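The structure under discussion appears below in the form of structure tokens.
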Amino acid sequence: MLHRSEPLGEAHAAVSDRWGGVSTGPHAELNLADHVGDDPQHVAENRGRLASVLGLAPGSVAFMTQVHGCEVAVVDGPPTPGRPLPQADALVTRAQGVALAVLVADCVPVLLAGPSPAGPVVAAAHAGRRGVALGVVAATVETMAVLGARPDRVSALVGPAVCAQCYEVPAAMAQEFLASVPSARATSRTGTPALDLPAAVTAQLHTAGVGDVAVDPTCTAQDPSLYSHRRDAVTGRFAGVVWTAG
Ligand SMILES: [Zn+2]
């Protein structure tokens, strides 16, 4: 059920794995995404189980419609059933009683928390190749700052993602990407051009002023307990979740 779960600054962060749910076939078992062809009732059951294990109220977890962009949505409370999800790649809140979730299967889940004069500010960002190039990490930290969190007091967890050795890309794509994100330079296991997204995200966090950065070393493509789009194509999504405990 849980890949990890721990305090993050004055908040709490957790990352799910693929076990302990009711999904079957390529989505087995704890798929949390409703856009990957899984049975919606299974996804709903899985989301309920995760909330329960994390000690969160049913329906208190906010998801977003992720589009590989750099839009950041500010959330002011638990999601309203039936209302469309924000189309964004990062969620930020200062509200209590709501947890923020990012869904991934190789992209980098980034969970952040920092104090503000009005209470903790938390954020969850989806940083894939395009989001990293577009600056979703910096945009997220900027929005946290707007809500009163000083970047130098923000703590970040860079969650499990595809590692550089497993993330071979065409040479032209690498060249174009590295022109704007040189910190992603890497070589694959077979010596071909590759991108190191966790390293790029870490560098972008530091550039944004975040000093306290923990990086999960697990590679999604190599760990069968996590979903990997690169490994399995049709698959589920696990989640990074962050909330203000209290
Ligand atoms: Zn790997």
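Source: prediction; values computed, not measured. Start at 1 and go down the list; that is how both ligands and their atoms are numbered.
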Side chains of residues 159-173: which donor-acceptor partners sit under 3.5 Å, not counting sequence neighbours?
{"from": "Tyr167", "atom 1": "OH", "to": "Arg129", "atom 2": "NE", "distance (Å)": "3.4"}
{"from": "Glu168", "atom 1": "OE2", "to": "Thr192", "atom 2": "OG1", "distance (Å)": "2.6"}

Please work out which of the three classes, parallel, tilted or perpendicular, describes the rings of Trp243 and His12, given edges at 30° and 60°. tilted
With sequence neighbours left out, write down each residue that passes side chain to side chain donor-acceptor pair (under 3.5 Å) with Thr220, or none if nothing qualifies. Asp106
Carboxylate-amine/guanidinium proximity below 4.0 Å for Arg47 and Glu45: no
Just the protein N/O/S atoms under 2.8 Å from the Zn ion (ligand 1), please, no waters. Cys163 SG, Cys166 SG, Cys219 SG, Gln222 OE1
With sequence neighbours excluded, tell me which residues meet ring pair (Phe, Tyr, Trp, His ring centres under 6.0 Å) with His126. His68
Contact summary for Thr140 and Ala123, nearest pair of heavy atoms: CG2-CB, 3.6 Å
